[in-house]
Chemist: 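Take this structure first; my questions come after.
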Amino acid sequence: MDRRLLMLALGMFAMGTDSFVVAGILPSVAASLNTSVSLAGQMVTVYALTVAVLAPVMAAVAGGWPRKPLLVAALGIFVLGNAINALASDLNTVLVGRAVAGLGAALFSPAALGIAAALVAPERRGRALATVTAGLAGATALGAPLGTFIGGFGSWRTTLWFVAALGLVTMIGVGILLRSVPQPPRVTLRERFAPVRDIRIALTLLTTLFAFGGFLMVYNYSSLVFDRVTGGDERTLAALFLFWGVAATLGNLLAGRLVDRFESRTIIVAALAIAIGNFCLLPWTSAHPVTAVLALLVWGCCGWGLIVPQQHRLVKTAPQVAPLLMALNNTALYAGIACSSVLGGVVIVVIDQHYLSLVGAALIAVAFVLAEAAYAFIVLRARQAAPAALAQGS
């Protein structure tokens with residue numbers, strides 16, 4: 001395995017850890033800064049929204065910049081943001097730090113994916129992109145539980161110093177290992193969003209947004225949803241996150257195998273349908289250790305098992321712009337995280353926190369409808385294209 005790709009994957013691991021680890025430390029942050037968990041939850045919103053909005057913008061703005069200095073600068077900004085977080089004494093400063101860290105992630109992520117594709121031969125680009133994006137999935141399996149566990153022994157500030165250290169190690173590694181990197185062709189912002197004009201792609205991206213909005217709404221406030229099992233102990237919550245992360249990794253790997261054997265639609269429909277049922281039962285299953293672990297295993301497997309068939313659907317729909325679609329899907333995912341954190345913060349003020357998963361299930365149900373609508377348009381477009389192809393062939 002190319003060490004340069006592994007270093008880029010470590011950077012994605014750091015970005016993902018920063019996004020997912022906050023869920024485990026929200027009560028500690030709220031208590032330390034004398035605020036509510038709902039308001040502290042906006043740490044997730046600010047970071048995710050910054051990444052979702054700025055990633056395509058910065059990719060277009062910085063398209064002509066030299067790649068290596070861009071990556072080093074992005075990681076430096078990311079480290080600075082987390083250092084601000086770790087030193088902050090009030091919520092406003094924390095939110096500023098989250099925005100700064102999000103800017104670093106918005107600069108790093110699209111550049112890292114572009115570099116990964118440029119470093120290898122065309123026939124190996126798929127594997128190179130998978131290696132780098134695996135860092136994001138690895139953050140759920142290892143980064144978030146480990147960061148939460150560290151916070152249980154120290155404080156939430158220790159967790160954020162851990163994330164900053166990940167970014168610093170990556171920055172040093174990129175500086176040493178990445179020497180000459182090919183300059184990719186510049187893609188304007190309009191060109192980056194051009195594929196969204198295709199109704200099939202737009203509906204598929206909305207499926208990602210609503211599905212992960214539902215999945216991660218519960219995750220963002222999991223310290224409250226699973227409080228009857230954890231008793232407020234962050235180390236116990238970290239153990240639960242570990243089950244969720246391992247299931248997420250296995251679900252992602254299993255989906256990769258299944259998508260080669262079955263239609264993407266079959267896997268998408270099954271994952272969303274099972275997830276809806278699981279979330280509808282979560283108010284009761286989250287009250288007992290055994291059922292809570294089982295629910296987390298199903299949740300992790302279905303949630304992160306959805307990414308591969310969604311990517312497969314996008315690439316099959318428009319293979320000529322596959323890298324742009326991967327970036328847009330990543331933007332939709334982060335937009336879902338941001339929206340879910342805001343909505344979840346409002347919901348837990350209005351209803352019992354243990355029923356938050358019912359709202360998550362409703363969002364996933366919307367994703368189910370959108371996924372089926374996308375499939376209907378895909379079939380319709382294929383039927384319209386068939387006579388034209390036949391006429392051209394004759």
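Atom set for the values below is all heavy atoms of this structure, side chains included, hydrogens, waters and symmetry mates excluded.
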Chemist: Over all heavy atoms of both residues, which pair between Ala111 and Leu70 is shortest? Give the atoms and the distance, please.
Modeler: CB-CD2, 3.8 Å
Chemist: Looking only at side-chain N and O atoms, does Thr230 offer a donor or acceptor that is under 3.5 Å from a partner on Asp233?
Modeler: no
Chemist: Roughly how far apart are Tyr334 OH and Met15 CE, rounded to 0.5 Å?
Modeler: 8.5 Å
Chemist: For Ala48 versus Ala338, what's the shortest heavy-atom pair and its separation?
Modeler: CB-N, 3.6 Å
Chemist: Donor-acceptor check, side chain of Ser32 to backbone of Ser28, threshold 3.5 angstrom: yes or no?
Modeler: no
Chemist: Answer with yes or no whether the side chains of Ser340 and Asn220 bring together a donor and an acceptor at under 3.5 Å.
Modeler: yes
Chemist: Are the side chain of Asn85 and the backbone of Val94 linked by a donor-acceptor contact shorter than 3.5 Å?
Modeler: yes
Chemist: Taking the six-membered ring for Trp, are Phe215 and Phe212 parallel (under 30°), tilted (30 to 60°) or perpendicular (over 60°)?
Modeler: perpendicular
Chemist: Mark yes or no for whether Glu372, through its side chain, and Phe368, through its backbone, hold a donor-acceptor pair below 3.5 Å.
Modeler: no
Chemist: Out of curiosity, Asp18 CG to Leu160 CG, how far, rounded to the nearest 0.5 Å?
Modeler: 7.0 Å
Chemist: Is there side-chain contact between Met217 and Ser341, with at least one heavy-atom pair below 4.5 Å?
Modeler: no
Chemist: What are the two closest non-hydrogen atoms of Val46 and Ala99, and how far apart are they?
Modeler: CG1-N, 3.6 Å
Chemist: To the nearest 0.5 Å, how far apart are CG in Leu168 and CG in Leu75?
Modeler: 9.5 Å
Chemist: Can you give me the closest heavy-atom contact between Ile337 and Ser19, atom names plus distance?
Modeler: CD1-OG, 3.9 Å
Chemist: Taking all non-hydrogen atoms of both residues into account, name the closest pair between Ala14 and Leu166 and its distance.
Modeler: CB-CB, 3.8 Å
Chemist: Looking at every non-hydrogen atom in both residues, tell me the closest pair between Val37 and Tyr221 and how far apart they are.
Modeler: O-CE2, 4.0 Å
Chemist: So does Ala88 get a backbone contact from the side chain of Arg157, meaning a donor-acceptor N/O pair under 3.5 Å?
Modeler: yes
Chemist: Quick one: does Ser36's side chain have a donor or acceptor within less than 3.5 Å of a partner on Leu39's backbone?
Modeler: yes
Chemist: Scan Leu314, Leu209, Thr207 and name whichever one has a side-chain contact (heavy atoms from CB on, under 4.5 Å) with Asn329.
Modeler: Leu314
Chemist: Do the side chain of Thr93 and the main chain of Ser89 share a donor and acceptor less than 3.5 angstrom apart?
Modeler: no
Chemist: To the closest 0.5 Å, what do you measure between CG (Asp198) and CG (Leu203)?
Modeler: 9.0 Å
Chemist: Do the numbers put Arg200 on top of the ring of Phe377, so that NZ or CZ is under 6.0 Å from the six-membered ring centre and no more than 45° off the axis?
Modeler: no
Chemist: Between Glu263 and Thr266, do the side chains contain a donor N or O and an acceptor N or O under 3.5 Å apart?
Modeler: no
Chemist: Assess the side chains of Arg98 and Thr50: does a donor N or O sit below 3.5 Å from an acceptor N or O?
Modeler: no
Chemist: For the pair Tyr47 (side chain) and Leu95 (backbone), establish whether a donor and an acceptor sit closer than 3.5 Å, ignoring hydrogens and angles.
Modeler: no
Chemist: Consider side-chain hydrogen bond (donor to acceptor under 3.5 Å, both in side chains). Of His312, Lys316, Gln310, which one does Ser264 pass it with?
Modeler: His312
Chemist: May I ask you to check whether Thr285 and Thr291 show a side-chain donor-acceptor distance below 3.5 Å?
Modeler: no
Chemist: Any side-chain to backbone donor/acceptor pair from Gln353 onto Leu224? Under 3.5 Å, distance only.
Modeler: yes
